[in-house]
Amino acid sequence: PPRLTNTQRDHIAAGKSVLLTDYHASTASRVFMLTALNPANAAHGMLIGEINPAYLWDVRYTLTLATEVCVLDPADRPLYCSRPVPDAFVKGMQTRSVPAQAGRLSLDWGDEEYLVSIWPVFLEATYLTPKWTVVVGESRSYVSTAIADFKKIFPAVTIMSILLVLILSISQIRRSLVPLENLRDGTRRIANREFDSRVAVDSGDEFEELADSFNTMAFRLGRQFNVLSTMAEIDRLILSALDAKNIMKTVLLRMRDIVLCDTVSVTLVHNDPVNAVRTFFGVNSSGELLSYDTELTREEAKDLHNSANSLTLTTADHIPDYLLPLTKQGAQSYLVLPIFLDDVLS
């Protein structure tokens, strides 16, 4: 076994390990690791193990085939080399003419020039051994060949990268332009008063939110234009001719475009006989008005006079007979708008 100094024995007694190297110039160098069998009692002896070189220096799966590796002991003597290291380099390391912190440098390794990197491995704190030095190198010709190959493919890679960027840019631009085109077509349809048309955008971004807002705007504009056109049509009928039937038909057919409701009826009050009313509640397939005749009671007339502008009724209230056609159609609540001319119910 290798002889130990007092410092090394104290290090082992403290429960730590010691790493020792046995250098041989002609044969393979040996590496030993020593540790106490029982750190609590150094008298129990120590365990000395020789590390298997095949396990320690096997770097075939971590480095390329063109890479040469050399590990130097604390005295800068080669413990392991994948290829015999030049004596000039070893002497330079030992005389410090080649600094251990040199990083990358050029070295004539046999008949070729190598580019080598040097890393110190510090073992003092853990194994009470000065540093090992790892030297890794590749031939300049191999590196130059790799650089030359890269120079050959670099223009092609650059062109392919530019083409890929262009394709992705065009795709993103098209993704942005398609919703814009749909919105543009939607504005043209709105300008042509096609308020029922909708813009379909499912991009999942701000354009989809803009399309939803656009569709909401189109719906509201459609309702407003329907209201204006319906009122204009009713006004035109009233001004052109006092034809009550045409006015009733227009109101019954177009009122749902103005007010969101299920049923609509218009009740006319006749003077002969007194309190006689006729309710128009629909138009049949022949275009004829559907009507229902009944009488308006004094209490019902009083409720209409007292209601000012409108009267709301539900199924819990007394439903007047003039609303019976709507009741038969399943109405549950009613909004009654009385019209007075010279304080007379019309």
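The ring of F340 has its center closer than 6.0 angstrom to the ring center of H305.
Side-chain atoms of E68 and S82 include a donor-acceptor pair closer than 3.5 Å. Looking at T314 and Y334, their side chains never bring a donor and an acceptor atom within 3.5 Å of each other.
Within the 4.5 Å cutoff, side-chain heavy atoms of L335 are placed close to those of S310. Here the side chains of P338 and L345 are in contact, with some heavy-atom distance below 4.5 Å. Inter-residue side-chain proximity for V227 and F225 is flagged as unmet; no heavy-atom pair is nearer than 4.5 Å. The closest side-chain heavy-atom distance from V336 to L304 is below 4.5 Å. Residues R188 and E194 form no side-chain contact, since every pair of their non-hydrogen atoms from C-beta on lies 4.5 Å or further apart.
The side chain to side chain contact (heavy atoms under 4.5 Å, CB included) test with L326 singles out one residue from V264, I319, T263, and that residue is T263.
Using cut-offs of 30° and 60° for the angle between ring planes, the W57 and W132 rings count as tilted.
In this structure, the separation between NZ on K249 and CG on L252 is 10.0 Å, given to the nearest 0.5 Å.
Checked by atom type and distance alone, the side chain of H44 never pairs as donor or acceptor with a backbone atom of A36 at under 3.5 Å.
With sequence neighbours left out, R30 forms a salt bridge (charged side-chain N to carboxylate O under 4.0 Å, His left out) with E50.
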